[in-house]
Structures are given as structure tokens and as C-alpha cells.
Amino acid sequence: MLFDNDRDGSGTIASVLVPVAVPGPYTYKVPPGLAVCPGTIVRVPLGPREVVGAVWDGMPEPGIDPRKLKAISHVYPAGPLDADMRRFVDWVANWTLSPPGMVLRMVLRSEEALEPEPPVAGVARVEGAAPDRLTPARRRVLDTMQDGFAWTKSGLAGAAGVSVSVIDGLVHQGVLEIVSMSASPAPPAPDPAYNAPALSPAQAAVATGLVAAFDRGYAVSLIDGVTGSGKTEVYFEAVAEAVRRGRQAVVLVPEISLTAQFLKRFEQRFGVLPAEWHSEVAPRRRARVWRGVASGDVRVVVGARSALFLPFHELGLIVVDEEHDTAFKQDDRVPYNARDMAVVRGHLAQFPVILASATPSIESRVNADLGRYTRFVLPERASGGALPELHAIDMRRDGPERGRWLAPALVAAMRETLADNAQSLLFLNRRGYAPLTLCRSCGHRFQCSHCSAWLVEHRFRGRLVCHHCGHSEPVPQACPSCGTVDALVACGPGVERIAEEVEALFPQARTLILSSDLPGGPERLRREMKIVEEGGADIVIGTQLVAKGHNFPLMRLVGVVDADLGLAHGDPRAAERTFQLLAQVTGRAGRFSGGGKGYLQTYSPDHPVIRALLSSDSEAFYAAEIEARRVAGLPPFGRLAALVVSGPDKPATEGYARAVARAAPPDAAVTVLGPAEAALAMVRGRHRFRLLVLAPRQFDMQGYLRGWLSRVPRAAGGLRLQVDIDPQQFL
DNA sequence: AGCACGCCGACT
DNA sequence: GTCGGCGTGCTC
């Protein structure tokens, strides 16, 4: 904010939010001649360096020694951030108990974007000049340039089918000259009328409902549609409506599914590729998208969760695809859930938000049941194909012989599928060869020295790996405890072990493992996904990454090797996660090739999650799960739940966690999970302790946590809270 | 003595 | 988040 307090000649001052973990804006002098307003993006000195910040709303903190004030050193041409954006930053900061500057940092992550796009060097014709000899290559270049525009060297070389040296030669001769090309032209806008699809009656009804939401300002729609029901086509109609209304739109997708396939579908519908925003976009391109979003040249962005913090001025729609996906959660720095913050942003700026999933999260279902969201159901596949027929294999009765992991019934189905030249998918959410290794002689179990989780054998790499902290060591010849040689046994299966069994059963089949940790990285993974997609593999063995994003058109059979995995451990969302994962995985079968089959190997065929999966009845699952939470004394999700995660590996940390548990109000259910349970419960985190607080609806969790935080001595060092509360009731 | 490393506090 | 200051402990 600006303050005209020039009465004493000291000049104006402004509040500036700086990208550091301080509680609020700092005060700076505005040098004469610089024009700033709330939202202006500025560079300011901070300690020994200069940082990028933004002029912010609010009174400067009183009691700052005026002699201490430094001056804004630069005003960026980008921006200013509008009032909606500033309110959003403040809201997210308050909600996540994070310093507002740290949230602002997420908005201003591309420093390159803050300056205008630097001009690029190009070549243009010199009026009247002709080359000494007109070779065929030179002719092609000059023909290509008949439009009279300037070209970049490489662009021209590509278009004319010559090498850059031909162009250099023409420059040398004075036929072409190096010119400075101004910023690239605005990308073509998506055309809502380009290729409107023929929607089924059910899809059309949903599309109409989504479009109608635009007249209500803020409204949240939940599209609950089985895999293959055409959710994407349907919400594209809402994107089209936003574009028609002159608004910008953003589609948030879990990072993993930001695939070429998805972008191509967008192009088929709208005639142009959308702007992309995620961590793999190169800095230059990133900067261009940021500037385009701010200037309004970019109308639609498809991106990962961080796209939510782009500086839109005319945002009129957010779509969150696969809204249940945990990739929308950021666990480090500012811990936020992009799905919830999307709803908040829609609320603050009064525009519609669409959440889409085949397996909505419990909280979104509850919010729909309570009437906060409008739920649209797409119960059938758009192709008219049936959902896969699912069977349980009771491993207690019909399991495989000792030392094998695939039941006879599943093997028979694989054989049949193979004979039909179709693909099978074996799903096991466990990387490596075996999850536990022990010594046959003395019973020693290999445990991680850093975090007490079991070490997982990775036979291809010849190492024992901790999946919790990443530590790894070579597989020893002798037992480190009793010294017996060659006495180590692998217990239980991982994908590598399943592959071994498949290769023994079907030596002639083309078998492929899809697992995130195989050598070759994401590049190889993409290649292999493509191989599967094109039919280059018969049997695919995959971890959870096969559940997401990619479509496998030839997949006809899915075998879940261990359907119970993930149902047992301490995470209160274990059942929900398992249901979502297995529904997504089995939904891969027969999605494009007509009928498909799925087998669930389980020791607990009567578990509500397994039963709901078998009957393809997600209603049964939601009812059972909500009831189970009620019986367990947990408040219904979608109301209030908080996770407090404490970070560093310090004895004091556990003490603080237990102290907050004791201080909790009587009607809040508070659980402290120790390191082992936390390791199981948090797949990706490296948290040593985890405090789970479940509080009833009317309880001010934010205030409680803030009060508690203020009492934690600094000595707790780096203690971090992760708040996982559905913000619905506060909107 | 010289410096690598970790911890802590300040940053307007 | 990033920097500098300062203490500890190790090496030339």
C-alpha cells in the first residue's frame, strides 16, 4: 500500500511482501519518480542481497525506525498482481499457516518472466540485394521469405529445408541482414467452435449443467464418471464456455498425466495446443507462459498444481482433473492441496470450479452430499462398452503353491489373453524384488540404519534399498549378523519377482516392467509406455504409475497381485486410497477394446473395499467408508481433519507432538504416530513424527494450531506443520 | 593458524 | 529462503 506521508519530506513509503519467511510485509521507501500501487512487482534490498517482492495491501508496521528503511530499487514492468490474486495469496498463507511471502514466492517463481521478452536475433531480406549465384538452396530460402517477414535463422533453415550455413552465406553476401525480432506474437487462442464433439445424451446433460454454473458465479461441480465415460470431453465444453465468455481457464492435472495424449485431445477439440505449465517446461517457455497469462494472450493453461499460482487477470474457470489424486498436495515449503485452493480461488473471484474423477475423494463426495457441490454422474462408458468384469481370487483357498505369487485362475486367464493377442497387466504396488530379506540361519532382518524401515532388495541393481529415505547398500554375500554365507532369503513379492515368475510361465511372451525406479529414468518410461500403447508388449507388470494417465488401448486383462496391500496400515485414508487405486487400475482393462476382465488376489474377499470393487459399486464403498469413519469416532471427512507433521529427527520433536496431543480440546481426536507408522502412512514424506488431529466441525483448527505454534520454542528448530483441512466450511 | 561444517538469528 | 557470524573440531 502507498502512503502519502510526505509532509516531513521523507518521501512515500510502501508495504512490500518479500519472499522470505517473515510474518508480514516489510516497509520500504518509494524513490521519487517511481510509480507503485498494490500488486506492483518490485525488487528491494533485503539484508545483503536483493529480492523480488510485491507491493502489498495494509498499513506498514508501526515502530520501525525510519532510518532503517531502504528504498525500492526497481519496478518490474510485469504485473501488477490484481486484488483477487493478492487476496488469494493472503488466504493461502493464512490457511497453510505459512508466511505470506512464501506463498508470493510461488507466484513469482519465474524471475525471467518479470522483464519483457528479450528480442531475438532474426534475418530479413535486404531490399534489392541479390546473391552472386542463385543455387537451389538459396532459391528455396528466398522463396520461403517471400512473405517479407523476418525469420529466425533456425526456423528459416527448417522451413526452407537447408542448413543454417546457407543462411549465414546469404548474410555474408549482404542479401539478408540480421535484425532484432520483437517478442513472439500472441499464440492463437483455442477456438470453442473448432471441433465440438457429438456428446451422448448423458454427457450432453452434464455439459449443460456445467455451462449453467457460469451464470451463478461461484459454483463447484463434481463430475463423478466411471473410467472411459468421457469426463474430459464434457469438461472441455465448460472450457469452451469460459473462452466464449472471454475468460481464461486453467485445467489442473496430476503431474504424471500431463501427457502428450492429453494435449493432443485438447488440440483435437480446440484446434491449438494449450499452454503447458509444469516443472519440466524449460525456463524460457515458462517465462513466456507466465507473461502470456498475465497479459491475457494465453487463454487456457493445462498444468500441474503450481499453475494455480499463475497471475491470471480474467480467470473464469478452474478444472481439477482426477481431483482425488494426491499429486495435488504439496508437502514441502507451503503445504497446500491445489484441489482445495482451486475451490478457494473460485470462491474469492466468484467463478465456477469443476472437480472430475472416476473415484472422487471422500471429502468431495461428502461436500456433494451436503449440497455444497453439485454432483454430476456419468455412469456409463462413452463407447458403450461394459466395465471390466471383476473376480476375486481367494488366496486362502485358490492361491498358488508355495514360492509362487500368481494363482492358477489368473495364470489361466493370462494364457487365454495371450492366445487372443491381447495384453495383460499385472499390478503390484511394490517396487523391487522382495520387500523383506532375512537370514535363514539366524533370522536377521535387513533394516535401514537411518529410519528403521525394511530394506527392499532390488535384484536388477544388486542392492538393498530403503524406500523411505533412499539409502541403499550392496546385497552382502554373508549375513552381517551371524556370518553365514548364502543364507539370505527374499520374503514376499515385488514387481521384479513377479516378472521372474511370468518369464518362467510364459517364456515366449514379451514381458515389460513399468516401475518408476528402473534405470533410464522418465525418458525410458515414456518410451516403454508408448511400446505398451502400440502393442509392443504382451504382459506388463507395473506399480501404481500404470494407474494414472496413460491409456492402454489393447489391455484386456488386469490382475491385481495383492489387493490387500495398503488396506492394513495406520493411515485413516488407507481404504479410500486402495479403492481409488484399484478402481483406476482395473478400469484400464477393456477400456478401448470392448470387454475386459480383472482378477483381485486377496486374503480378505469380504472386506468392504474388495466387495465394492467386485460389484463395481462405488456407492457401496462410499457408504461403507463414511460409516466406518463414524464408527471409529472420526468426524466425517469433508468437515475437518488436520495433519500436523513434525519434521526433524530430534528427540524434542516427539515431545512437542505429544504435548500438542495433550493440549487438544476434549472433542478432538488426536493421534501421534511414531516413526515406523509414519513411514508406512506417508508414502513420500520423510517425516519422522506425525501428529494426526481430527477435530469436530465447529472447531477452529487454524486458530488452535496457530496458538500452539506460537508457544513452541524456537529451539524446536524447523518444526513444521502440515495442515490438511478441507476448507469448505470456511467459505 | 586455517578452514569446513553446523547452528542460529536477522532480514524493513 | 539465504546470508553472515560464530563456535566446534579437525588437519597442515
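Just so it is clear, the model here is predicted, and its values are computed rather than measured. A note on names: the letters A, B, ... follow the listed sequences, proteins ahead of strands, and every chain is numbered from 1.
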Margin query: So, using ring pair (Phe, Tyr, Trp, His ring centres under 6.0 Å) as the criterion, who are the partners of A:Phe309 when residues are at least two apart?
Written below: A:Phe88, A:Tyr336

Side-chain atoms of residues 515-524 of chain A: list all donor-acceptor pairs with protein atoms under 3.5 Å, sequence neighbours left out, distances to 0.1 Å.
| from | atom 1 | to | atom 2 | distance (Å) |
| --- | --- | --- | --- | --- |
| A:Ser515 | OG | A:Asp517 | OD1 | 2.6 |
| A:Asp517 | OD2 | A:His458 | ND1 | 3.2 |
| A:Arg524 | NE | A:Glu528 | OE2 | 3.2 |
| A:Arg524 | NH1 | A:Pro519 | O | 2.8 |

Next item on the list: Can you sort out the partners of A:Arg463 under side chain to side chain donor-acceptor pair (under 3.5 Å), two or more places apart, ordered by chain and number?
Entry: A:Ser472

Next item on the list: Could you identify which residues of residues 102-110 of chain A place a heavy atom less than 4.0 Å from some atom of DNA chain B, listed by residue number, or say none?
Entry: none

Checklist line | Listed partners of A:Ala71 passing side-chain contact (heavy atoms from CB on, under 4.5 Å), at least two apart | finding: A:Lys29, A:Pro31

Margin query: From CG of A:Leu46 over to C1' of B:dT12, roughly how many Å is that when rounded to an integer?
Written below: 8 Å

Checklist line | Test side chain to side chain donor-acceptor pair (under 3.5 Å) applied to A:Glu457 - qualifying residues, sequence neighbours left out | finding: A:Arg459

Checklist line | A:His74 and A:Tyr76 aromatic ring geometry - parallel, tilted or perpendicular at 30°/60° bounds | finding: perpendicular

Margin query: So, using side chain to side chain donor-acceptor pair (under 3.5 Å) as the criterion, who are the partners of A:Thr437 when residues are at least two apart?
Written below: none

Check: Over how many whole Å does the gap from A:Ile72 atom CD1 to B:dT12 atom P extend?
Finding: 14 Å

Next item on the list: Report which part of the nucleic acid A:Lys70 touches: base, sugar-phosphate, or nothing (heavy-atom distance under 4.0 Å, all strands).
Entry: sugar-phosphate

Checklist line | By ring pair (Phe, Tyr, Trp, His ring centres under 6.0 Å) - contacts of A:His313 (at least two apart) | finding: none

Check: Mind checking which nucleotides bracket the chain A contacts on DNA chain C, 5' to 3', with an atom under 4.0 Å from a heavy atom?
Finding: C:dG1 to C:dC3

